Each structure stands twice: as structure tokens, then as C-alpha cells.
**Student:** 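Take this structure first; my questions come after.
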Amino acid sequence: MLQGPSLRQAPSLRPLTTAHLAQTMSLLELTSVELHQKIESELARNPALELSDKKRCPTCKQLISNNRPCQRCSSPNSISPDEPIIFISPREDFYIPSSLSSDELPEDNFTPDIEDLPTYVMKQIAPDLDHEDAIIAAHLLTNLDDDGLLQTTIIEVAQFHHIPPSKVEKILSQIQRSEPLGVGSPNPKEALLVQLEVLNESMSTPPLADKAISQGLELLSKHQYPELGRMLGISTRRVQEIANFISENLNPYPARGAWGGIRQAPQKNTDVYTNPDVIIKLLTDSPNSPLVVEIVSPFAGLLQVSSIFRSSINQAPPDKADQWKSDLGRAELLVKCIQQRTNTIVRLMKRIVIQQREFIIHGDRHLKPVTRASLAFALDVHESTISRAVSSKTVQLPTGHIVPLSKFFDRSLHIRAALKQIILKETKPLSDNEIAKILKKQGYAVARRTVAKYRAMEGILPSHLRQMQSTTEVT
DNA sequence: CTATGGCACGGATT
DNA sequence: AATCCGTGCCATAG
């Protein structure tokens with residue numbers, strides 16, 4: 001043992017702190033779903049961990065220790081318009097398997113109540129169907145999951161009704177083309193393809209986007225853009241554009257945008273388009289109302305070290321003593337690190353939400369370019385901390401769109417939004433050079449080459465191909 | 001000749 | 001240290 005100069009801490013504490021740091025870091029990178037999984041597996045393995053039985057306020061889901069309503073809900077006067085309301089939502093109810101959820105799922109008063117999905121869709125297509133078709137449609141619609149994806153197969157339905165699969169297919173494609181677009185698709189991939197196809201009728205879509213989805217969805221969701229680029233024979237940047245377009249305009253889980261639900265069990269979790277980690281809403285319809293920021297943090301406040309386990313640590317059988325001890329340490333560490341993770345995210349989000357209020361409410365054009373580094377400075381944390389916290393997390397905006405948190409750090413988003421407007425308002429197709437000039441007038445000094453890049457990123461065709469296409473409607 | 005896309009370089013960002 | 005992004009230069013298409 002070295003006699004180190006520092007006597008401030010017991011030697012055994014040393015590795016604990018570094019482990020602590022390391023784990024905090026790695027936890028920070030996890031999305032809420034990933035964290036949820038980790039906690040669950042840890043709960044199953046580690047007897048020192050348990051979930052407390054604290055109740056949560058039925059309206060705001062904050063933890064409450066007794067039967068009093070939580071302060072936040074009982075004193076709504078304390079909110080000032082500029083201060084965002086931030087709270088941490090365990091949301092564990094959404095992860096409960098369907099057997100329990102059907103009747104125990106509490107009202108979700110963060111999303112507007114709408115009629116249930118099957119009837120909503122049925123109303124749209126009913127006029128086009130005869131009686132027999134309607135029965136099939138109903139059959140299909142009752143087999144949707146909460147994401148709006150089909151849980152049965154075409155063959156199965158066809159056999160059930162003794163009709164050719166092609167007929168079922170036809171009806172299904174009608175369903176897929178109604179709102180929410182892509183509903184009834186058997187998988188996210190097909191949902192995306194349908195959406196892309198329909199969208200293509202009204203606006204320009206990036207070339208090869210269909211191939212990227214049909215052949216490279218795996219790579220796409222893993223962000224392996226260079227890889228995918230090679231596969232399709234296009235540049236990485238192109239792939240990036242496609243990916244942007246998809247996350248902007250398409251939704252692999254058709255019902256989720258309108259519905260905003262969080263479910264989804266062990267599927268692939270490295271996906272941008274899955275459950276949000278943060279949900280931002282307006283408290284009221286007024287654009288001046290404060291923002292409500294819900295930070296999804298699985299089991300927040302519920303996970304704790306079992307006090308029974310802790311107090312009986314001394315009575316451990318000799319052969320198990322080490323094991324117990326390490327379990328206890330592990331549990332304490334995990335709880336602490338999760339707290340820290342949550343704390344970091346809360347501070348981060350608070351700052352972002354205040355800074356980017358305009359953007360959140362009024363859209364892309366109002367995003368203030370802020371680098372992670374400057375935010376790190378403001379929050380007095382290391383840059384890498386911000387990077388980790390931002391990477392791979394997603395936010396649901398008041399519009400219902402789920403976007404990557406990194407969108408808040410897009411340096412050129414506001415310019416691209418301005419560009420989109422210019423194109424939208426143009427009467428004759430403007431060349432990149434002309435667009436660059438207009439942008440310059442608006443205060444965005446960008447090179448003509450850059451305009452071309454932005455244009456491509458937004459999936460806008462070059463001027464000579466833009467000619468006749470917007471004859472549909474202009475108001 | 002003009003408009004655009006590819007490639008590559010250098011500086012900023014992570 | 002690795003990656004991203006804006007730009008300039010050049011080739012190609014119309």
C-alpha cells in the first residue's frame with residue numbers, strides 16, 4: 001500500500017469515486033428506454049435494490065409522500081411565464097406489459113383525448129368501402145398496436161374471411177393512406193415507405209430515400225451513414241440529408257405522433273425515432289404560456305436501496321458476506337449515478353428551454369445557434385458531459401414531432417428554414433446564386449455552394465427541376 | 001455560358 | 001484526435 005500524501009479519504013473510497021464518475025458518464029449517454037432496461041435488469045439481479053411504493057400525484061406525476069396533492073399542483077399561481085415548469089416523470093406505467101396496462105393505465109392528460117384509432121381511421125375510409133370490405137377493414141383495424149402497426153398478417157386475415165390476399169392487401173393500402181399516414185403497416189419500414197410515397201405526390205423528396213429505407217433502415221437507425229452511403233453509391237452527406245428528411249417528415253410509428261404514447265419493449269433502441277426522453281408542451285394554447293418540460297426518467301425517485309437489505313448486511317452468512325457487500329455498493333452507486341444523470345439533464349434542459357423558447361414555439365427559423373461548448377461553459381460542466389447527454393436522446397416538441405436533442409445544436413437550421421421559406425414564396429424557380437443573394441439580405445451570409453448543400457439537405461430539387469411541380473395549390 | 005454536384009481542404013466543434 | 005461543416009475549385013449537364 002502506498003502512503004499517499006492525501007489522507008482526505010479512505011483508500012477504499014478512491015476507486016469508488018472513479019467508478020462513480022465512469023458510471024455517471026455512461027448513464028448519461030443512455031436514452032430513457034435504455035436506462036429503463038438497465039434498471040430492470042439490475043433490479044432482477046441485485047437484491048439490494050428495490051422500488052419504493054411512494055405514490056405519485058395523479059395529475060402531475062410528481063412523487064408525493066402522503067395523500068396530500070403535490071405542491072406544484074396545489075399552487076399553480078407560482079408559475080411565471082418565463083420560467084419553464086420542469087418535472088421529472090417516472091413514466092414507468094408505460095412500460096408495463098399490456099396485460100396490466102389495459103385497465104390500470106391512468107389517463108394520460110398530457111396528450112389531448114382523441115377518439116380511438118380504429119374508429120378514427122374507419123371514418124375516413126368508410127365511404128369508399130362496401131359492406132364486405134368494411135368488415136375486412138374493421139378486422140385489420142382491430143389488430144393495430146398502439147403505434148398504429150399491424151399485428152396480424154394479410155394472409156391470416158385472408159384465410160379468416162376466405163378471400164384472396166390481394167383483396168386484403170388492397171384494403172390495407174387504403175388504410176395506410178389515411179391519417180395518420182402509414183397506419184396499419186406491418187412494420188416501421190413499410191410505414192415509412194408509404195409515407196414517403198404519399199408525400200412525394202405533394203412535395204419533393206430526396207432521391208434514393210426509398211432505397212435507403214427499404215434496404216438500409218438498419219444502418220439508418222444506427223446512424224451508420226458512411227456505410228449506407230457506400231451501399232447506395234452516394235455520399236455520406238447525401239445520406240445525412242435523407243436521414244434528416246426522414247426524421248423531419250416521416251414517422252415509423254404512425255399513431256405515435258398524434259398519440260404520443262410511450263410503449264415499446266425490447267426492440268432496437270438505437271433509433272432516433274423511438275420514445276422521446278424529454279417532452280415539451282405548452283401549458284395552455286397561448287404561445288405566451290409557460291412551457292412544461294417533462295423529463296422521462298424511468299423509476300425516478302422510486303428506485304432505492306433496500307433498507308432491509310442494508311440493515312441485515314451484518315447478518316450475512318460468512319460465505320455470502322462479500323457478495324452482499326458488493327451488491328450493496330453496486331446498488332448505492334447506481335442510485336446515486338442515476339440521480340446525478342437526472343440532475344444534469346434537468347439543468348441542461350432548463351437552460352435549453354429558456355434559451356430556445358422561440359424555436360420551440362415558433363419553429364425552426366427561430367433556433368439560435370448555440371454550441372455544446374458554450375452551453376457547457378454556462379452550466380459549468382465539461383463539454384463532453386453535454387455531448388454525452390445530448391447524443392442519442394430525443395425530444396418531443398409541442399407540435400408532437402420527436403426530434404433528436406442534437407437538433408438544438410444545429411448551426412444552420414435557421415438558415416435552412418429561411419431558405420425553405422424563400423423557395424416556398426418564389427414565383428419563378430430561383431437559382432442558388434439568387435437564393436444566396438436573398439439570404440444575404442436577410443442577414444445570412446452564406447456562399448452559393450452552401451445554398452446548394454442546404455437545399456439538398458431539405459430535399460429541395462435544383463431550380464431547373466422545380467419548374468412545373470407546384471401547380472397543386474398556393475394560397 | 002450558367003447552374004449544380006463532387007471532392008477536398010482548413011477551421012471549428014465535439 | 002476525430003468528425004463535422006462551409007467553401008472554393010473543377011467537371012459535367014443543360
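This structure is a prediction, so every number in the text was calculated from the model and none was measured. Throughout, a chain's letter reflects where its sequence line sits, starting with A, and its residues are numbered from 1. Worth knowing before you read on, the calculation uses all heavy atoms, side chains too, and leaves out hydrogens, waters and symmetry mates.
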**Student:** Would you say the side chain of A/Met349 lies within less than 4.5 Å of the side chain of A/Leu405, judging by non-hydrogen atoms?
**Tutor:** yes
**Student:** Of all residues at least two apart in sequence or in a different chain, which pass the salt bridge (Lys or Arg N to Asp or Glu O under 4.0 Å) check with A/Asp410?
**Tutor:** A/Arg416
**Student:** Once side-chain contact (heavy atoms from CB on, under 4.5 Å) is applied, do any residues pair with A/Ser326, and if so which ones, sequence neighbours excluded?
**Tutor:** A/Gln323
**Student:** Which residues satisfy the side-chain contact (heavy atoms from CB on, under 4.5 Å) test with A/Glu50, sequence neighbours excluded?
**Tutor:** A/Gln304, A/Ser306
**Student:** Pull out every residue in residues 372-391 of chain A that has a heavy atom closer than 4.0 Å to any atom of DNA chain B, ordered by number, or say none.
**Tutor:** A/Arg372, A/Ala373, A/Glu383, A/Ser387
**Student:** The criterion is side chain to side chain donor-acceptor pair (under 3.5 Å); which residues satisfy it with A/Glu332, sequence neighbours excluded?
**Tutor:** A/Arg310
**Student:** Can you give the first and last nucleotides of DNA chain C, 5' to 3', that have an atom under 4.0 Å from a heavy atom of chain A?
**Tutor:** C/dC5 to C/dC9
**Student:** Quick one: list whatever passes side-chain contact (heavy atoms from CB on, under 4.5 Å) with A/Pro369, sequence neighbours left out.
**Tutor:** A/His414
**Student:** With heavy atoms of chain A within less than 4.0 Å as the criterion, where does contact along DNA chain B begin and end?
**Tutor:** B/dA3 to B/dT14
**Student:** Not counting sequence neighbours, which residues clear side-chain contact (heavy atoms from CB on, under 4.5 Å) with A/Arg330? List them please.
**Tutor:** A/Glu42, A/Arg45, A/Asn46
**Student:** Taking A/Lys393 first and then A/Glu29, would you say they form a salt bridge - that is, a charged N and a carboxylate O separated by under 4.0 Å?
**Tutor:** no
**Student:** What parts of residues 437-454 of chain A reach DNA chain C, counting only heavy atoms under 4.0 Å away?
**Tutor:** A/Ala445, A/Val446, A/Ala447, A/Arg449, A/Thr450, A/Lys453, A/Tyr454
**Student:** When the side chains of residues 441-453 of chain A are checked against the rest of the protein, which donor-acceptor pairs come out under 3.5 Å, sequence neighbours left out?
**Tutor:**
none

**Student:** With the side chain counted from C-beta on, respond yes when A/Leu291 and A/Ile86 share a heavy-atom pair under 4.5 Å apart, and no when they do not.
**Tutor:** no
**Student:** Look up atom CG in A/Leu334 and atom CG in A/Leu27, then write down how far apart they are to the nearest 0.5 Å.
**Tutor:** 6.5 Å
**Student:** Please identify each residue that fulfils salt bridge (Lys or Arg N to Asp or Glu O under 4.0 Å) with A/Lys428, with sequence neighbours left out.
**Tutor:** A/Glu434
